[in-house]
Amino acid sequence: MFKRLVAAALTAVAIAGLGACGNKDDAHDKVSNHSVGAGQDSGSAAGEPGTDTATTDDASVFGLRNEVRHRAATTTRATRPHMTKKCTTATHRVKHTTTTGSGTKRHTRTWYSTEHSRSCKQVRTGTETYRRVVRPQRWCVSLDDVNGDPEKDDVWYRVSATTYNTAVGTDKHARMDFTPTGSGC
């Protein structure tokens, strides 16, 4: 049990360390002015700390579209117990009796039958590998002049895929109005 706990802890530390190193595919697409996985887990491009919690009030924000970013889901291989259904059948001999008559003319007839029963349960048969999601897919939009404030530039918001696709279709510095699903990227 202790060895499994230590192995799980080391795996978690390794995953966290590799995630902090970034992805070599993080780049800025200079042709379309779209940032593609720009390598920051949270916060804005200006270095402001971001939060991973969704906005508490459902207030929409508006501003000038700066950049867009799509963060692909990060997965890893993991193992889990492989469960299969194991069934056993059993037979029981059942005694049946019937009585006719009364007193000294009483006659008891006895016969036997076999009843079949089946019971099933899940049992572990080895392990199986699967893809575990470490970080879900995210769509982000960066705004300048957030809510009309010229001091609030390069603020990242998490958005739905529909809002992201709308942002990709607009020009840079076009006015956008949307309700974010969270702050930071």
Side-chain angles (χ1 to χ4, degrees), residues 1-29 31-32 34-45 47-56 58 67-97 110-142 156-169 178-185:
M1 181 68 170
F2 182 72
K3 288 182 181 179
R4 286 184 184 174
L5 186 61
V6 169
L10 289 174
T11 303
V13 169
I15 289 172
L18 290 174
C21 292
N23 188 352
K24 69 179 182 179
D25 293 335
D26 291 350
H28 187 285
D29 185 0
V31 175
S32 63
H34 297 148
S35 175
V36 182
Q40 292 182 355
D41 285 332
S42 64
S44 67
E48 300 169 357
T51 60
D52 284 341
T53 58
T55 54
T56 54
D58 290 331
E67 293 186 41
V68 294
R69 180 185 296 166
H70 175 244
R71 304 285 311 261
T74 304
T75 61
T76 185
R77 285 183 58 174
T79 58
R80 62 183 169 207
H82 180 70
M83 305 300 281
T84 57
K85 186 164 137 182
K86 183 177 181 182
C87 298
T88 57
T89 57
T91 57
H92 296 99
R93 191 171 180 206
V94 180
K95 180 180 179 181
H96 304 277
T97 59
T110 303
W111 73 96
Y112 295 90
S113 67
T114 303
E115 289 186 358
H116 300 278
S117 63
R118 182 178 178 193
S119 66
C120 299
K121 61 181 179 177
Q122 294 284 338
V123 294
R124 179 179 172 172
T125 54
T127 59
E128 62 184 5
T129 59
Y130 69 103
R131 299 300 296 177
R132 184 172 60 88
V133 176
V134 177
R135 183 191 68 213
Q137 180 170 228
R138 292 183 187 166
W139 298 273
C140 304
V141 175
S142 171
W156 284 99
Y157 293 101
R158 269 187 262 153
V159 296
S160 66
T162 306
T163 305
Y164 172 81
N165 289 333
T166 303
V168 168
F178 57 85
T179 303
T181 59
S183 61
C185 192

A.B. asks: Is there a donor-acceptor pair closer than 3.5 Å between any side-chain N or O of R132 and the backbone N or O of T79?
C.D. replies: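 No, the answer is negative, given that no donor and acceptor are paired below the 3.5 Å cut-off.
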
A.B. asks: Just jot down the side chain to side chain contact (heavy atoms under 4.5 Å, CB included) partners of T166, sequence neighbours excluded, or say none.
C.D. replies: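 Listed in chain order: nothing, the list is empty.
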
A.B. asks: Test of understanding: with side chain to side chain contact (heavy atoms under 4.5 Å, CB included), list the residues that count as partners of T91, not counting sequence neighbours.
C.D. replies: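 T91: side chain to side chain contact (heavy atoms under 4.5 Å, CB included) contacts with T114, H116.
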
A.B. asks: Using every non-hydrogen atom in the two residues, find where Y164 and C140 come nearest and quote the distance to one decimal.
C.D. replies: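 In terms of heavy atoms, the two residues are closest at CD1-O, 3.9 Å.
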
A.B. asks: Only pairs at least two apart or in different chains count here, so list each salt bridge (Lys or Arg N to Asp or Glu O under 4.0 Å) that has a residue in residues 77-87.
C.D. replies: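 Those involving residues 77-87 are R80-E128.
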
A.B. asks: Under 4.5 Å between any side-chain heavy atoms of Q137 and H70, yes or no?
C.D. replies: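 A side-chain contact exists here, since the closest heavy-atom pair is under 4.5 Å.
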
A.B. asks: SG/C185 to CZ/R71 distance, rounded to the nearest 0.5 angstrom?
C.D. replies: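 That separation rounds to 6.0 Å.
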
A.B. asks: Test side-chain contact (heavy atoms from CB on, under 4.5 Å) on H92 and S117; report intermediate values, then the result.
C.D. replies: CA-CA 8 Å; H92 296 99; S117 63; 3.7 Å; yes

A.B. asks: Among all residues two or more places apart in sequence or in another chain, which pass the ring-ring contact (aromatic ring centres under 6.0 Å, His included) test with H96?
C.D. replies: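 H96 satisfies ring-ring contact (aromatic ring centres under 6.0 Å, His included) with W111 only.
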
A.B. asks: Does T181 reach the main-chain N or O of S160 with its side chain, forming a donor-acceptor pair under 3.5 Å?
C.D. replies: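 Judged by distance alone, no pair lies under 3.5 Å.
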
A.B. asks: Who are the side chain to side chain contact (heavy atoms under 4.5 Å, CB included) partners of T84, not counting sequence neighbours?
C.D. replies: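 In terms of side chain to side chain contact (heavy atoms under 4.5 Å, CB included), with neighbours along the sequence ignored, T84 is linked to H82, V123, T125.
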
A.B. asks: Within a radius of less than 6.0 Å around CD of E115, do more than 12 heavy atoms belonging to other residues, nucleotides or ligands occur?
C.D. replies: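 No, the 6.0 Å shell around CD holds no more than 12 heavy atoms from other groups.
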
A.B. asks: For K95, what residues pass the side chain to side chain contact (heavy atoms under 4.5 Å, CB included) criterion, not counting sequence neighbours?
C.D. replies: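 Partners of K95 under the side chain to side chain contact (heavy atoms under 4.5 Å, CB included) test: T97, T110, Y112.
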
A.B. asks: Once you round to the nearest 0.5 Å, how far does CE of M83 lie from CD of Q122?
C.D. replies: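 Answer for the CE-CD pair, M83 versus Q122, is 6.0 Å.
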
